[in-house]
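Heads up: the structure comes next, in structure tokens.
Numbers here are sequence positions counted from 1.
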Amino acid sequence: MIRISLSLLILYTVASDVCLLQLQPRRVLAETRHPAEDAGPTLTVKVPDGVGLKRVFAGVGDKVAILDFTKKTEARLLSESPAFADTVTNLGVSSDGRVALVAAGAQLAMLDARALGTLRVLPVDISSKANVTYNRINNGPVVGDREIFFATMSEAAPGRGFVLALSLSYTGPLASPTVSLLASADVGTSSTEAVWSKATGKVYAATTEGIAVLSFEPHGRAALEVEEVIPAGTSSSDGIAISSCGSFAYIAAGPDGLQVVDLRARKNVGSHRIDGWSGGIGLDPLGNAVVAANPGLLSFDVARPASPLLLNQCDVKRTSGGGDGWNVAWGGACFGGLCDKDHEPGLALLADNTGGLQVIYVGLGLEVSAHFGMGTLAHCEGGK
């Protein structure tokens, strides 16, 4: 169980990653939500850095729902997009929450959400390859008036994977946003997710052969090049997260649970078994690894990389109608004591497939506070 003292500064260390944080947790009471049985599975959720819980983007079936979770116990639907060509599998959202890149099978599109009453779907044509599938999309650096995203794309035959550096820009309220391909790199085998590290400036892609480390140059003639592939100790890498100082990679490794890779030593140094499929991973403000898995959400203390410690587990499978954790996003943090009414110290948003979107308060334990989409409001079972 996570033990947190109120109004105290907590100094925490994750290997060489040291940060200072003030937490002010409060209990969130659960409130039952009405399910939307025909909504379709929820496979992805993103929280824009600049607006937080005021505009949460969730892929719900073949549409994108924009939600307001500032009340924490209630999902208020702000708007819903037109249907995409397939089930929405992932999203990349601009920091101001006004434009999203949407992956829906073989379709990559842009959602203009500047006017919530009239959401527009705009085409993005960046690849001439046939039989491709777009996977996860993550935010990268801001370069001038451009916001960079990194997406992964898989080619069915001959089964190769690619990392794409995409540039999003829009210059005013009347100008249409534009997306262009800055650079791409062939990472060999299939890749599900690529993330950029601010600390190192490099991109790390989870592939079936390991972690592909890529250099990225956004200026002038943009370049994205594979430097090396680090063995990850698993052939199944669904999701990846990088520690704040760029020293460690944490992998949601499908049937192989949580895997920890030391990027400096270039080897797998730790793991933790998870009973079920591990699909997505992120880091909370304390540097703990938060894993979306079957049957729900798990958080691990990874301060000792060789032996990750299970802190909390929220088994939602029996009570939500889902329990197939697909992706996770962090929905609130108070950094350095700078908090406001729209930011909580611990709200994990779990894209729970057929269980919908489950909003889980992470404090002294785990507690589901709100729900949207298929399934029902869950209750945490199997907690620690």
Side-chain angles (χ1 to χ4, degrees), residues 28 41-60 64-70 72 75-78 88-97 99-103 111 113 135-140 149-151 192-196 206 238-242 244 250 252 278-293 296-300 312 314 316 320 322 324-335 342-353 355-363 366 368-373 378:
V28 179
T42 299
L43 303 182
T44 183
V45 58
K46 289 292 175 71
V47 181
D49 289 339
V51 293
L53 298 171
K54 294 178 181 178
R55 279 198 182 196
V56 173
F57 287 68
V60 182
V64 173
I66 303 178
L67 305 156
D68 182 340
F69 278 109
T70 54
K72 316 303 185 297
R76 186 164 71 92
L77 179 63
L78 300 177
V88 174
T89 54
N90 217 271
L91 294 161
V93 182
S94 63
S95 57
D96 61 8
V99 181
L101 298 179
V102 182
L111 180 64
N135 301 313
R136 303 186 186 191
I137 308 171
N138 287 298
N139 294 64
F149 294 84
F150 294 98
T192 54
E193 185 167 26
V195 294
W196 175 75
D238 237 19
I240 184 171
I242 305 297
S244 61
Y250 309 104
S278 301
I281 190 167
L283 298 178
D284 73 11
L286 286 174
N288 298 315
V290 182
V291 181
L297 187 80
L298 303 93
S299 64
F300 295 89
N312 284 291
C314 181
V316 301
S320 71
D324 297 321
W326 204 270
N327 272 305
V328 63
W330 198 257
C334 300
F335 291 101
D342 296 322
H343 290 77
E344 290 293 317
L347 284 175
L349 289 87
L350 175 67
D352 192 34
N353 202 334
L357 178 62
Q358 304 284 348
V359 180
I360 301 173
Y361 177 75
V362 183
L366 299 181
V368 182
S369 65
H371 168 265
F372 180 83

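Shown here are the side chain to side chain contact (heavy atoms under 4.5 Å, CB included) partners of S278, two or more places apart in sequence or in another chain: A252, I274, V291, A293. Taking the side chain to side chain donor-acceptor pair (under 3.5 Å) definition, one finds that S94 meets it with D96, sequence neighbours left out. Residues satisfying the ring-ring contact (aromatic ring centres under 6.0 Å, His included) criterion with F57, sequence neighbours excluded, are absent altogether. By the side chain to side chain contact (heavy atoms under 4.5 Å, CB included) test, N90 is found to be paired with T44, K46, A103, R136, I137, N327, residues two or more places apart in sequence or in another chain being considered. Residues passing the side chain to side chain contact (heavy atoms under 4.5 Å, CB included) test with L77, sequence neighbours excluded: A65, L67, F372.
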Practice task
Walk me through it: do F69 and L349 pass the test side-chain contact (heavy atoms from CB on, under 4.5 Å)?
Solution key: CA-CA 10 Å; F69 278 109; L349 289 87; 4.1 Å; yes
Problem - Full working for side-chain contact (heavy atoms from CB on, under 4.5 Å) between F300 and N288 - result: CA-CA 5 Å; F300 295 89; N288 298 315; over 6 Å; no
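Distance check, rounded to the nearest 0.5 Å: CG of L298 to CD1 of I281 gives 10.5 Å. Expressed to the nearest 0.5 Å, how far OG1 of T70 lies from NZ of K54 amounts to 8.0 Å. Between the CG atom of L347 and the CD1 atom of I360 there is a distance of 10.0 Å, given to the nearest 0.5 Å. In this structure, CG on N353 lies 8.0 Å from OG1 on T42, to the nearest 0.5 angstrom. Interatomic distance, Y250 OH to I240 CD1, rounded to the nearest 0.5 Å: 11.5 Å. Once rounded to the nearest 0.5 Å, the distance linking OG1 of T89 with CG of N135 reads 6.5 Å.
Taking both residues in full, the closest heavy atoms of A348 and V328 are given as CB-CG2, 4.3 Å, listed atom of the first, atom of the second, then distance. Nearest approach of W330 to V290, heavy atoms of both residues: CZ3-CG2, 4.0 Å. G282 approaches A241 most closely through the heavy-atom pair CA-CB, 4.3 Å. Shown here for L350 and G325, the closest heavy-atom pair between the two residues is CD1-CA, 4.0 Å. Closest of all the heavy-atom pairs between A113 and R55 is O-NH1, 2.9 Å. A pairwise comparison of heavy atoms in P48 and V93 identifies CG-CG1, 3.6 Å as the closest pair.
In this structure a side-chain-to-backbone donor-acceptor pair under 3.5 Å is present from Q358 to A378.
Contact of the V368 side chain with the V359 side chain is not registered, since no non-hydrogen atoms from C-beta on lie closer than 4.5 Å.
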